[in-house]
Amino acid sequence: MTSDHTDDLSPATLVVAAGRPERVQGAPVNPPVELSSTFVSQGVPTAGEPLYGRIDAATWHPFEEALGTLEGSTHPALVFGSGMAAIAAALSLVPPGGRLVLPRHAYQVTLGFARDLQERLGVHVTVVDIDDTAAVVAALTEPRTASLLWVETPTNPMLEVADLPALVEAAHAVGALVGVDNTFATPLVQRPFDHGADVVVHSVTKYLAGHTDVVLGAALADDPDLHARLHAYRTLHGSIAGPFEVWLALRGLRTLALRVERAQANAAELARRLSEHPSVAEVRHPSLPSDPGHERAARLMRGFGAIIGLRPHGGPEAADAVVAALRLWVPATSLGGVESTLERRRRFATESLTVPEDLLRMSVGIEEVEDLWKDLAQALDAL
């Protein structure tokens, strides 16, 4: 479909309609998988000519076009071999000796990659509480002007909500780029380009693909130069995806609206019940009126997401006991699949030390909410 046909469609329709083959007699409804590493070519290659699978692949295009449309980008997305590959490409926009400002609580491998940039390329790294707008604005120029402000909102795993429009305005005022990891929210819940962000990334592994069966990432940029730089990074570093994995991700994308709607509704109801359970010390979910991020999420997002932060009474031992007692919830890392999963985040030595040791990050799936609650309640009651 052309942009003329998508401008008036809702995101819930676009996830189904975008990235389809041309509608001509006898055409397939779904795009095919093209399995070839190289293509017939002789003489001087022309622009856009299929040449070699590391440079481009036709099977990537429908997914890239669909995600670009969903995010409201002027360019298709660029699919990468993993979410971390997409993040690495985006953070490569910080020049050697430049300055990177990013959340204190963020995906732990993002923080690890920032430290790697610091050690290898002399990048100055500053971590901030991304929900403290004044502190972030101050950090953009002190001790030196930032090259890139990296935003997660809500953050992983603490679920802090940033004032994204204010941060973008402040960053651009000092000449800094703004990159946003939109994995937790998905483009159905927020579109960072609408607030002026320069780069958006996704771990496609999570909600976009949605079935815990592929590892993929994606990066988007509205500016043609930034888009070209991200594309060049992907080509030079070989950060590419297999065609069949991308085809699976596009198939998963078709049900994104239904999955997000159900998972968010489940999460809001579970968060409400958890907040009233005597074995729970703290629960974080932006849907709760008492949550510190509630006002911002209600104002800036089209939903509250499906990740819950839970801290039971009794410390990390109690948190581990809850995980061990569950029968329906799956103890596993990652998130965003149709199944409900959870884990104690500080079981990883690399997790930020400011994340509480007893914090359980819960990814709420699309199961019947009463079944999810019965499983949680019996585990909490056992404490």
Side-chain angles (χ1 to χ4, degrees), residues 10-16 66-67 70-71 83 107 152-161 181-191 202-214 216 218 248-275 283-288 291 293-294 297-298 300-310 322-323 326-343 345 359-377 379:
S10 73
T13 299
L14 287 175
V15 297
V16 178
L67 182 54
L70 283 170
E71 282 288 8
Y107 178 44
E152 285 186 15
T153 179
T155 60
N156 182 5
M158 296 298 289
L159 300 177
E160 297 134 330
V161 179
D181 186 334
N182 204 30
T183 299
F184 269 28
T186 82
L188 299 187
V189 176
Q190 71 182 0
R191 300 203 311 180
H202 286 273
S203 175
V204 177
T205 307
K206 313 302 195 295
Y207 288 104
L208 299 185
H211 291 78
T212 322
D213 52 9
V214 298
L216 287 175
L248 282 174
L250 180 62
R251 185 172 71 167
L253 190 70
R254 300 307 186 198
T255 59
L256 177 64
L258 296 174
R259 290 186 285 105
V260 167
E261 180 182 15
R262 175 64 172 254
Q264 286 194 131
N266 281 353
E269 178 60 20
L270 293 175
R272 184 189 67 79
R273 296 186 190 187
L274 287 168
S275 68
V283 59
R284 290 293 305 268
H285 189 257
S287 69
L288 296 171
D291 190 272
H294 176 76
L300 299 174
M301 298 164 61
R302 297 187 295 271
F304 298 106
I307 306 296
I308 296 175
L310 174 66
V322 169
V323 173
L326 291 169
R327 294 295 175 263
L328 176 58
W329 291 73
V330 181
T333 195
S334 197
L335 53 99
V338 293
E339 65 285 314
S340 294
T341 62
L342 84 169
E343 66 176 341
R345 287 300 299 170
L359 177 73
L360 295 174
R361 186 188 69 188
M362 307 168 64
S363 173
V364 181
I366 65 171
E367 303 94 336
E368 166 58 46
V369 69
E370 295 300 334
D371 292 330
L372 292 173
W373 174 246
K374 282 189 290 187
D375 197 29
L376 279 174

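Here the structure is a predicted model, which means the values were calculated and not measured.
- Results of the side-chain contact (heavy atoms from CB on, under 4.5 Å) test with Pro286 over Thr153, Val161, Ile307 single out Val161 as the only residue that passes.
- Considering CZ of Phe184 and OG1 of Thr155, their distance stands at 7.5 Å, rounded to 0.5 Å.
- Asn182 places no side-chain N or O within 3.5 Å of a backbone atom of Arg191 that could act as its donor or acceptor partner.
- Here the side chain of Ser340 pairs no donor or acceptor atom with the backbone of Val364 at under 3.5 angstrom.
- Checked by atom type and distance alone, the side chain of Arg302 pairs as donor or acceptor with a backbone atom of Pro187 at under 3.5 Å.
- Note that CG of Leu342 is 8.5 Å distant from CG of Leu310, once rounded to the nearest 0.5 Å.
- Note: Leu67 CG to Leu14 CG = 11.5 Å, rounded to the nearest 0.5 Å.
- Taking each heavy atom of Ala271 and Ser287 in turn, the nearest pair found is CB-OG, 4.5 Å.
- Taking every heavy atom of both residues into account, Pro157 and Leu359 meet most closely at CG-CD2, 3.8 Å.
- Without hydrogens or angle criteria, Arg345 side chain to Leu360 main chain gives no donor-acceptor distance under 3.5 Å.
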> What do the steps show when you test His285 against Leu270 for side-chain contact (heavy atoms from CB on, under 4.5 Å), and what is the final call?
Replying inline: CA-CA 10 Å; His285 189 257; Leu270 293 175; over 6 Å; no
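- Summarising the geometry of Ala267 relative to Ile308, their closest heavy-atom pair is O-CD1, 3.5 Å, with the distance given to 0.1 Å.
- Within the 4.5 Å cutoff, no side-chain heavy atoms of Leu248 are placed close to those of His211.
- A side-chain donor from one of Arg361 and Asn156 sits under 3.5 Å from a side-chain acceptor of the other.
- In this structure, OG1 on Thr183 lies 10.0 Å from OH on Tyr207, to the nearest 0.5 angstrom.
- Here Leu208 contributes atom CG and Leu216 contributes atom CG; the two are 9.5 Å apart, rounded to the nearest 0.5 Å.
- Using modelled atom types, no side-chain atom of Asp375 and backbone atom of Leu326 make a donor-acceptor pair closer than 3.5 Å.
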Between side-chain atoms of residues 329-336 and protein atoms elsewhere (two or more places apart, or another chain), which donor-acceptor pairs fall under 3.5 Å?
{"residue": "Trp329", "atom": "NE1", "partner": "Leu372", "partner atom": "O", "Å": "3.2"}
{"residue": "Thr333", "atom": "OG1", "partner": "Glu343", "partner atom": "OE1", "Å": "3.4"}
{"residue": "Thr333", "atom": "OG1", "partner": "Glu343", "partner atom": "OE2", "Å": "3.0"}

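- When all heavy atoms of Leu253 and Ala66 are compared, the closest pair comes out as CD2-CB, 3.8 Å.
- Asp181 places no side-chain N or O within donor-acceptor distance of the main-chain N or O of Glu152, the cut-off being under 3.5 Å.
- Distance check, rounded to the nearest 0.5 Å: CG of Leu188 to CG of Leu70 gives 6.5 Å.
- Side-chain contact between Leu274 and Met362: present, with at least one pair of heavy atoms (C-beta onward) separated by less than 4.5 Å.
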> How far apart are the C-alpha atoms of Glu370 and Lys374, what are their side-chain angles, what is the distance that settles it, and do they pass the salt bridge (Lys or Arg N to Asp or Glu O under 4.0 Å) test?
Replying inline: CA-CA 6 Å; Glu370 295 300 334; Lys374 282 189 290 187; over 6 Å; no
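- The side chain to side chain donor-acceptor pair (under 3.5 Å) pairs that include a residue from residues 258-268 are Thr255-Arg259, where partners are two or more places apart or lie in different chains.
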